[in-house]
Structures are given as C-alpha cells and as structure tokens.
Student: 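This is the structure, below, for whatever I ask next.
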Amino acid sequence: MTQAQGGVRGWAAARKGHLSRLRFTSLRLRLVVVFGLVALTAAVSVSGIAYWLNREAVLTRTQDAVLRDFQQEMQNRAGLLRARPEQYELQRTAREMATSSQRFSVLLVAQDSHGTDISANSGALNGFSLQDVPKSLRTAVNEQQKVDSHNKYAYHLYWQRVVEDGTPYLVAGTKVINGGTTGYMLKSLEPEAKDLNSLAWSLGIATGLALIGSALLAQAAASTVLKPMQRLGVAARRLGEGKLDTRLRVSGTDELADLSRTFNDAAEALQKRVDDMAARDEASRRFVADMSHELRTPLTAITAVTEILEEELEAESGSMDPMIEPAVRLVVSETRRLNDLVENLMEVTRFDAGTARLVLDDVDVADQITACIDARAWLDAVDLDAERGIHARLDPRRLDVILANLIGNALKHGGSPVKVSVRMADHEVVIEVRDHGPGIPEDVLPHVFDRFYKASASRPRSEGSGLGLSIALENAHIHGGEITAANSPEGGAVFTLRLPRDASELAQEGEEKKSS
C-alpha cells in the first residue's frame with residue numbers, strides 16, 4: 001500500500017467515525033421533519049381558517065334567523081299590546097311569541113295600569129328572567145335614540161352572545177316602536193356548538209392524516225433522493241479505503257446523475273494518479289535496492305583494502321608515509337560511512353517494500369540496553385536507570401538498532417552524560433533517552449525523524465547517514481510502538497520510546513500478510 005493510499009484510508013476511518021456520531025441528525029430525518037412541519041403548518045392554517053369561516057357562517061346564519069324572527073314577533077304580537085297591559089296579557093303574548101319556528105324563550109317587561117313593573121316569560125329555559133340579561137344589554141335596549149332623517153325609530157334591537165355553564169346562548173332585546181313593552185329573547189346555541197365541535201374534530205383528524213401523509217411522502221422522497229446519495233457515500237468510503245476501482249452506475253440526466261458522473265471521473269483520475277505514484281514509488285524503491293546491492297560488491301572489496309590500510313596505520317613500525325597518512329584515514333572513515341549508508345538504505349528499502357519482519361524473543365530490557373551500551377564502549381558516557389526484571393517480547397536486533405540510534409544521536413549532538421531510564425506504563429515499556437546539550441530548535445523538532453534531514457544547511461555533511469532516527473522510528477512502528485522527541489524543561493533533548501510488552505500479535509499479522 002502506498003503512502004497516498006494509507007492517507008486516504010486514514011481519512012476514511014475518521015470520516016466513518018464522524019458519520020456514526022451524526023447518525024441521529026441524518027438528512028433523511030431532517031427531510032421528514034421539514035416535510036412534517038410544513039404539512040402541519042399548512043394543515044393547521046387551513047383547518048383554522050376553515051373552522052373560523054364555518055363558525056362565523058353557522059353562528060351568523062342562526063343569529064340572523066333568530067333575530068329576524070324575534071323582531072317580527074315583537075312587531076306582530078308585542079306591538080298589539082296596550083301601552084299598560086295586564087299581567088295575563090303579557091303572559092299570553094310571551095307564550096305566543098315563543099311558539100315561533102326558532103323556538104326561543106321570551107321575556108316581556110312592561111308597566112300595568114297602576115304603574116307597577118310587571119314581567120312574564122314563556123316558561124322555557126329554566127324560567128328566563130331579567131337577571132339573565134346582561135346589564136349592558138338592558139341599558140342599550142332602554143336607551144331612547146333621537147329620531148331624525150337618518151334614524152326612524154327611537155329604540156333599536158340589540159343582541160349579545162353569552163356562555164352559561166359551558167352552554168352558549170344568544171340574548172337579544174328591543175322595545176316596541178311606540179316605546180311600550182320591552183321584549184327579551186334567549187336562544188340556546190348548543191346545537192350549533194355541537195356542529196362546530198364535530199367540525200373541529202373532523203378538521204383535527206384531517207390535519208393528523210395530512211401529517212401522516214406528509215411523513216409518508218417525505219419518506220418516499222427521501223428514498224428517491226437519498227438512495228443515490230447513500231450509494232455515493234458508500235462509494236466514497238470504499239474509495240477512501242483504497243478500493244480505487246469503485247464506480248457508480250449512472251442513470252438518468254438529472255443533477256444526481258451528473259454528480260455520479262463527476263464522481264466516476266474523479267475516481268478514475270485519482271486511480272490513475274495513485275497508480276502513477278505507486279509505479280514511481282516502486283521504481284524508486286527498486287532503484288535504491290538495486291543500487292544498494294550493486295554497491296555491496298565493490299564496497300566489500302574497498303572495505304577489505306581499507307581494513308589493511310587501517311592495520312598499517314595502527315602498526316607500531318610507522319611504515320606508512322606521513323604525507324599520505326591523512327588521506328588514508330579519510331578513506332577509512334568515508335568507507336565506513338559509505339558502508340553504513342548502504343546498509344541503512346537497504347533497511348529503508350525493506351521497510352518501504354513491507355518486507356521487514358519481526359523475530360521475537362523474550363528479553364530483559366535492562367540487559368538489552370546494557371549490552372547495547374557495552375558493545376559500543378559507551379559505558380562511561382551513559383547513565384542507565386533501569387531495574388532488572390522488566391521483560392518484554394520484542395525483536396532484540398531491532399531494539400538494539402533503536403537504542404543505538406537514540407543513544408548515539410544523543411552523544412553526538414547533545415551533551416554528556418546521556419541518561420537512559422526505563423519504566424512500565426499501561427502494558428508498555430517506556431524508555432527515555434535524555435542528553436544535557438542545548439536541545440533541539442523548535443523549527444527542527446517536527447523534522448527530526450525525516451530522512452536525510454539536516455538541522456543546519458551550513459553543515460550538510462556529518463558522520464551519520466541522516467537515516468538513523470528514521471530507521472529507529474520505523475523499527476518502533478513495526479513493533480506497534482512510537483518515538484517522540486521533545487526538549488526537557490531542565491535543558492537538553494528527550495527522546496521517548498514506547499513499545500508494547502508483547503508484539504506477538506503484530507508479528508502474526510505480518511506473517512499472515514506475507515503468506516497472503
């Protein structure tokens with residue numbers, strides 16, 4: 001797998017986790033909610049307007065019919081009464097008026113021949129009395145208007161709607177034209193209220209059905225619109241996982257079809273780009289590997305010659321010409337450096353090709369560090385703080401490479417003494433390598449593990465190959481570990497190596513990949 005593919009896969013994994021967190025705010029849910037709110041708003045608005053219009057129409061129609069009938073009865077019956085009628089006359093007229101088609105209750109009020117106030121009702125609606133008439137209505141009925149060209153009558157008909165014990169009523173009153181008897185009417189609007197309640201229930205049911213229908217419609221629309229989007233999302237995730245041959249089936253000529261075609265074009269371009277990069281990467285690795293192998297043969301011969309020259313330099317006889325001794329020492333030093341560079345290049349090539357494997361063994365970490373320091377004669381320059389008995393299942397050779405690079409880098413670029421400490425933390429072995437030098441510049445910290453990175457452009461050459469820390473990091477990664485670099489608050493640089501106590505699982509996965 002190339003680095004480009006690995007980056008895309010990492011993006012896909014992060015994106016998948018992000019989508020799982022947003023599952024409850026999906027586009028489908030929002031679409032259904034929006035459809036439902038629009039339908040609910042429209043249905044409630046239409047139902048409210050329809051109810052209000054029907055309510056006014058029903059009440060106005062009933063009210064107009066009752067008032068018209070009551071006014072006609074007042075003219076035809078109450079208008080025939082004497083100015084000062086007797087009680088029995090008033091009672092008989094009230095009962096006759098109540099027999100009209102509208103079936104309302106009547107209350108007549110007048111003064112008899114002795115000037116006494118008398119009243120009579122039709123006997124319906126629990127004895128309709130003057131106390132049942134609102135005071136404001138009585139005042140308006142009894143108020144005498146000025147008669148002129150615009151107003152022909154001194155008294156007018158007034159009405160009012162009231163509610164008693166949850167039952168609506170229509171109350172009206174007027175005086176006869178000559179200002180004698182006053183008549184009041186009480187009409188129950190309960191039948192109309194029941195009709196309006198039935199209408200409200202019907203509109204409520206219609207609103208509920210509209211809401212359900214809108215939800216079903218939204219679900220259908222979501223399925224129609226979002227299924228292609230879901231297919232696009234699945235294809236994008238597959239593409240992010242490195243399956244670059246993923247394509248969408250294009251059907252239709254709408255915007256979604258254009259989006260699918262655009263995705264296919266982008267996927268094809270990405271596949272071509274990644275294939276080109278993989279081919280160039282493979283060619284580069286093959287070139288480095290071939291070059292390293294080709295260099296080993298002449299380098300072996302050169303190394304043998306330099307070893308002889310080095311023996312001559314160390315001989316006590318002093319047979320070598322002092323004039324050429326510096327040149328010989330330079331050749332010996334550069335040959336060793338070239339040998340290290342070739343070995344490091346071959347190691348890097350194995351990591352890039354994915355052929356590096358772990359050979360695990362149970363090691364005592366303290367003993368392993370001691371052996372590394374002793375083999376390189378660093379005992380006087382390194383302060384080891386590690387308890388014996390901390391065992392881990394690791395690759396001893398690769399651990400030695402990591403330690404050698406970290407400690408050697410600290411000795412070379414930091415200040416003595418270099419302190420190496422070991423501790424356990426959460427099933428991990430933590431090894432810290434700290435020097436007492438000036439530390440690492442902040443602009444260099446992010447690049448210390450880059451291949452061939454030089455902290456100072458004025459010193460492009462050094463004794464190292466520029467690959468040591470990069471190889472150490474790769475060896476940590478193959479164990480499932482990590483190396484971080486930082487500056488200590490007390491001065492100096494600190495490299496922290498974290499390795500699992502048991503890398504067997506990673507080694508097994510590597511063998512499975514190799515066999516597959």
Student: Do other residues, nucleotides or ligands put more than 12 heavy atoms under 6.0 Å from the CD atom of Glu387?
Tutor: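 Atom CD in Glu387 is not packed in, count stays at 12 or less.
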Student: Applying side-chain contact (heavy atoms from CB on, under 4.5 Å) to Lys146 and Asn151, what does each step give before you reach the verdict?
Tutor: CA-CA 7 Å; Lys146 183 179 180 180; Asn151 183 29; 5.5 Å; no
Student: Return the CG to CG distance between Leu394 and Asn475, rounded to the nearest 0.5 Å.
Tutor: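 Reported value, rounded in 0.5 Å steps: 11.5 Å.
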Student: Any side-chain to backbone donor/acceptor pair from Gln91 onto Asn121? Under 3.5 Å, distance only.
Tutor: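 Checking the backbone N and O of Asn121 against the side chain of Gln91, a donor-acceptor pair under 3.5 Å is found.
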Student: Is the shortest heavy-atom distance from the side chain of Tyr153 to the side chain of Gln145 under 4.5 Å?
Tutor: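 Counting from C-beta outward, Tyr153 and Gln145 never come under 4.5 Å.
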Student: Looking at Leu130, is its backbone amide N or carbonyl O close enough to the side chain of Arg138 to form a donor-acceptor pair, meaning the two atoms are under 3.5 Å apart?
Tutor: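 Yes, because the side chain of Arg138 sits within donor-acceptor range (under 3.5 Å) of the backbone of Leu130.
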Student: Looking at every non-hydrogen atom in both residues, tell me the closest pair between Ala172 and Leu157 and how far apart they are.
Tutor: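 Result for this residue pair: CB-CD1, 4.2 Å.
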Student: From the options Leu170, Val171, Val66, Leu186, select the one residue that forms a side chain to side chain contact (heavy atoms under 4.5 Å, CB included) with Phe104.
Tutor: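 Checked Leu170, Val171, Val66, Leu186 against Phe104; only one passes side chain to side chain contact (heavy atoms under 4.5 Å, CB included): Val66.
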Student: Taking atom types as modelled, find out whether Thr167 and Asp165 have a side-chain donor-acceptor pair closer than 3.5 angstrom.
Tutor: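 Their side chains do not contain a donor-acceptor pair, so the 3.5 Å distance test is not met.
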Student: In Å and rounded to the nearest 0.5 Å, what is the OG to CD distance from Ser488 to Glu432?
Tutor: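 It comes to 9.0 Å.
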Student: I need the Lys175 NZ to Glu143 CD distance, nearest 0.5 Å.
Tutor: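 Reported value, rounded in 0.5 Å steps: 12.0 Å.
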Student: Donor-acceptor pair, distance only, cut-off 3.5 Å: does the side chain of Asp435 make one with the backbone of Ala493?
Tutor: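 Yes, the answer is positive, given that a donor and an acceptor are paired below the 3.5 Å cut-off.
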Student: Go through the steps to decide whether Val109 and Leu90 satisfy the test side-chain contact (heavy atoms from CB on, under 4.5 Å), and finish with yes or no.
Tutor: CA-CA 8 Å; Val109 179; Leu90 205 63; 6.0 Å; no
Student: Below 4.5 Å, heavy atoms only, C-beta onward: do Phe495 and Ile440 meet side chain to side chain?
Tutor: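 The answer is yes, as the side chains (C-beta and beyond) meet within the 4.5 Å cut-off.
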Student: Could you walk me through whether Val444 and Val448 pass the side-chain contact (heavy atoms from CB on, under 4.5 Å) check?
Tutor: CA-CA 6 Å; Val444 176; Val448 292; 4.0 Å; yes
Student: Cut-off 3.5 Å, side chains only: do Asp502 and His427 have a donor facing an acceptor?
Tutor: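 Result is no, nothing qualifies.
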Student: Do the charged groups of Lys272 and Asp275 touch, with an N to O distance under 4.0 Å?
Tutor: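 Looking at Lys272 and Asp275, the cut-off is not met.
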Student: Backbone N or O of Glu86 within a donor-acceptor pair of the Asp112 side chain at under 3.5 Å?
Tutor: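 The answer is no, because no donor-acceptor pair under 3.5 Å joins these two groups.
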Student: I'd like to know if the side chain of Thr99 reaches the main chain of Glu96, judged simply by a donor and an acceptor atom lying under 3.5 Å from each other, with no hydrogens or angles considered.
Tutor: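 Side chain of Thr99 to backbone of Glu96, a donor-acceptor pair under 3.5 Å: yes, one is there.
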Student: Within the 4.5 Å heavy-atom criterion, are Thr182 and Tyr155 side-chain neighbours or not?
Tutor: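 No, too far: nothing below the 4.5 Å cut-off.
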Student: So how far is it from Gln271 CD to Asp245 CG, rounded to the nearest 0.5 Å?
Tutor: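 Nearest 0.5 Å value for the CD-CG distance: 6.0 Å.
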Student: Is any side-chain heavy atom of Phe70 closer than 4.5 Å to one of Met97?
Tutor: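 Yes, close enough: below the 4.5 Å cut-off.
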Student: Would a distance-only check, ignoring hydrogens and angles, find a side-chain to backbone donor-acceptor pair under 3.5 Å from Thr496 to Thr484?
Tutor: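 Between the backbone of Thr484 and the side chain of Thr496 there is no qualifying donor-acceptor contact (under 3.5 Å).
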Student: Using residues 190-197 as the side-chain source, report each donor-acceptor pair under 3.5 Å to any protein atom, sequence neighbours left out, with the distance given to one decimal.
Tutor:
{"residue": "Glu192", "atom": "OE2", "partner": "Thr62", "partner atom": "OG1", "Å": "3.3"}
{"residue": "Asn197", "atom": "ND2", "partner": "Ala193", "partner atom": "O", "Å": "3.3"}

Student: Quick one, Thr207 and Val44 - any side-chain contact, counting heavy atoms below 4.5 Å?
Tutor: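 Yes, close enough: below the 4.5 Å cut-off.
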Student: Is it true that, when you exclude Arg261 itself, more than 12 heavy atoms of the residues, nucleotides or ligands shown sit nearer than 6.0 Å to its CZ?
Tutor: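 Atom CZ in Arg261 is packed in, count exceeds 12.
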Student: Would you check if the side chain of Asp426 reaches a backbone N or O of Glu428 as a donor-acceptor pair within less than 3.5 Å?
Tutor: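 Judged by distance alone, no pair lies under 3.5 Å.
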Student: With rounding to the nearest 0.5 angstrom, report the CZ to CD1 distance, Phe449 to Ile471.
Tutor: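 Rounded to the nearest 0.5 Å, the CZ-CD1 separation comes out at 13.0 Å.
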Student: Do Tyr184 and Val141 come close enough that some side-chain heavy atom pair is under 4.5 Å?
Tutor: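 Yes, at least one pair of side-chain atoms sits under 4.5 Å.
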Student: Of all the heavy-atom pairs spanning Pro85 and Ile118, show the shortest one and how long it is.
Tutor: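 What the structure gives for the nearest pair is O-CD1, 3.4 Å.
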Student: Please determine, by modelled atom types, if Gln72 and Arg77 share a side-chain donor-acceptor pair under 3.5 angstrom.
Tutor: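 Judged by distance alone, the side chains do not pair up.
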Student: Is there side-chain contact between Pro168 and Val162, with at least one heavy-atom pair below 4.5 Å?
Tutor: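 Result no, sub-4.5 Å side-chain heavy-atom pair not found.
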Student: Return yes if some donor-acceptor pair links the side-chain N/O of Ser122 with the main-chain N/O of Ala98 below 3.5 Å, else return no.
Tutor: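 Checked: no pair found.
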Student: Quick check: does any side chain N or O of Asp117 sit under 3.5 Å from a backbone N or O of Gln111, one acting as donor and the other as acceptor?
Tutor: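 No, the answer is negative, given that no donor and acceptor are paired below the 3.5 Å cut-off.
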Student: For Glu268, what residues pass the side chain to side chain donor-acceptor pair (under 3.5 Å) criterion, not counting sequence neighbours?
Tutor: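 In terms of side chain to side chain donor-acceptor pair (under 3.5 Å), with neighbours along the sequence ignored, Glu268 is linked to no residue.
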Student: Can you name the closest pair of heavy atoms from Val147 and Ala154 and give their distance?
Tutor: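 Reported closest heavy-atom pair: CG2-N, 3.8 Å.
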Student: Shortest non-hydrogen contact from Ser188 to Tyr169?
Tutor: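 Nearest heavy atoms, Ser188 then Tyr169: CA-CD2, 3.6 Å.
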Student: For the NE2 atom of His447 and the CG atom of Leu469, what is their distance to the nearest 0.5 Å?
Tutor: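 Rounded to the nearest 0.5 Å, the NE2-CG separation comes to 14.0 Å.
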Student: Got Ile431 and Val365 here, is their nearest side-chain heavy-atom distance under 4.5 Å?
Tutor: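 Yes; the side chains approach each other to less than 4.5 Å.
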Student: Charged N to carboxylate O below 4.0 Å: is that the case for Arg498 and Glu482?
Tutor: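 Glu482 and Arg498: not salt-bridged.
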Student: Applying side-chain contact (heavy atoms from CB on, under 4.5 Å) to Ser260 and Leu232, what does each step give before you reach the verdict?
Tutor: CA-CA 7 Å; Ser260 298; Leu232 178 62; 5.8 Å; no
Student: Shortest non-hydrogen contact from Val420 to Val433?
Tutor: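 Taking every non-hydrogen atom into account, CG2-CG2, 4.3 Å.
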Student: Between Asp132 (side chain) and Ser129 (backbone), is there a donor-acceptor pair under 3.5 Å?
Tutor: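 Yes, the answer is positive, given that a donor and an acceptor are paired below the 3.5 Å cut-off.
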Student: Ignoring hydrogens, what is the shortest heavy-atom contact between Ile390 and Met424? Give both atom names and the distance.
Tutor: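 So the two residues come closest at CG2-SD, 3.4 Å.
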